[in-house]
K.L.:
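Attaching a single structure in structure tokens format; questions to follow.
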Amino acid sequence: MIYIKNKWEIEMIRRASEIVSEVLVILQTEAVEGISTWDMDKLAEEYARKMGAKPAFKGYRNFPGSVCFAINNEIVHGIPSKRRVLKGGDIVSMDFGAFIDGYYSDSAVTVPIGEVSPYARKLLRITRESLYKGIEQARPSNRLLDISKAIQIHVEGEGFSVVTAFVGHGIGKNLHEEPQVPNYVPENGNWGKGVRLKAGMVLAIEPMVNIGKPDVEIRDDGWTAVTRDGTLSAHFEHTVAIGEDGPIILTEMQN
Ligand code: MG
Ligand code: MG
């Protein structure tokens, strides 16, 4: 079932979202050539705990880190490691969730390290734009798949592909709640146009976009999802409340 949040609950998710946004600002500042994802993970965890929050992913199904990193052909869910050191020309996705006073928030950005290829720059731009195209549809009276469709049309219109193996999600008292929020329109099954969107729904909308084919493989570590064809992948995510007048982005950064 889809939980409808009241104003107070949305303020609680906003509070968690502020911490998530602040952590992502710190991570973007620290993401330069030579730093390991391990060190960035520690900075994120320390800041969240200092603010009284718990890193939401740490220990989730035994995930060992606080941040999910995904470098270049990695799509999502990479494990922080002392051996993963950022290099110029990389693109790195950083996905962070926080839990405080009973509520979760979840957001991700992908950033370039130094100079990256024009293709990589375009991938980042289109993926970010597709997130905002999806968010724009997150309003009462629209259907869930209006979000999905807007993302898919923008991505495929640029010749890139949407990852279908992972989807966005409702969020609130749980990190992952109904409904699932696909970044594409499922061709079969019982989706129809998706549920009707209502004020008080809170969604984590998170397109994952590949330059090449959408196919995914999971590495032997059991977590890291990579593109099967080895092409670059990007990921952006916001936690968004549906307000009476339209979307309210709770994880928007003040930078
Ligand atoms: Mg996330
Ligand atoms: Mg998420």
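We count ligands from 1, going down the list as the structure has it; atoms in each ligand are counted the same way. The figures here come from the full heavy-atom set of this structure, side chains too, leaving out hydrogens, waters and symmetry mates.
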K.L.:
Taking atom CD of Glu9 as the centre, does the number of heavy atoms from other residues, nucleotides or ligands within less than 6.0 Å exceed 12?
P.N.:
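More than 12 within 6.0 Å, yes.
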
K.L.:
May I ask you to check if any N/O/S atom from Glu206 comes under 2.8 Å of the Mg ion (ligand 1)?
P.N.:
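Given the 2.8 Å cut-off, Glu206 does not count as a ligand of the Mg ion (ligand 1).
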
K.L.:
So, is His169 placed with an N/O/S atom under 2.8 Å from the Mg ion (ligand 2), counting both backbone and side chain?
P.N.:
yes

K.L.:
Out of curiosity, does Trp223 fall in the hydrophobic cluster containing Phe96 (side-chain heavy atoms, cut-off under 4.5 Å, transitive links)?
P.N.:
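The answer is no; the residues belong to distinct hydrophobic clusters.
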
K.L.:
Please note down the angle at the Mg ion (ligand 1) between OD1 of Asp95 and OE1 of Glu237, to the nearest 10°.
P.N.:
110°

K.L.:
What N/O/S atom of Asp106 gets nearest to the Mg ion (ligand 2)?
P.N.:
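Going through the N, O and S atoms of Asp106 one by one, OD2 ends up nearest to the Mg ion (ligand 2).
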
K.L.:
Does Arg14 come within less than 4.0 Å of Glu11, counting only side-chain N to carboxylate O?
P.N.:
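The answer is yes: the pair qualifies as a salt bridge.
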
K.L.:
Looking only at non-hydrogen atoms, find the nearest pair between Lys213 and Asp229 and report the distance.
P.N.:
N-OD2, 2.7 Å

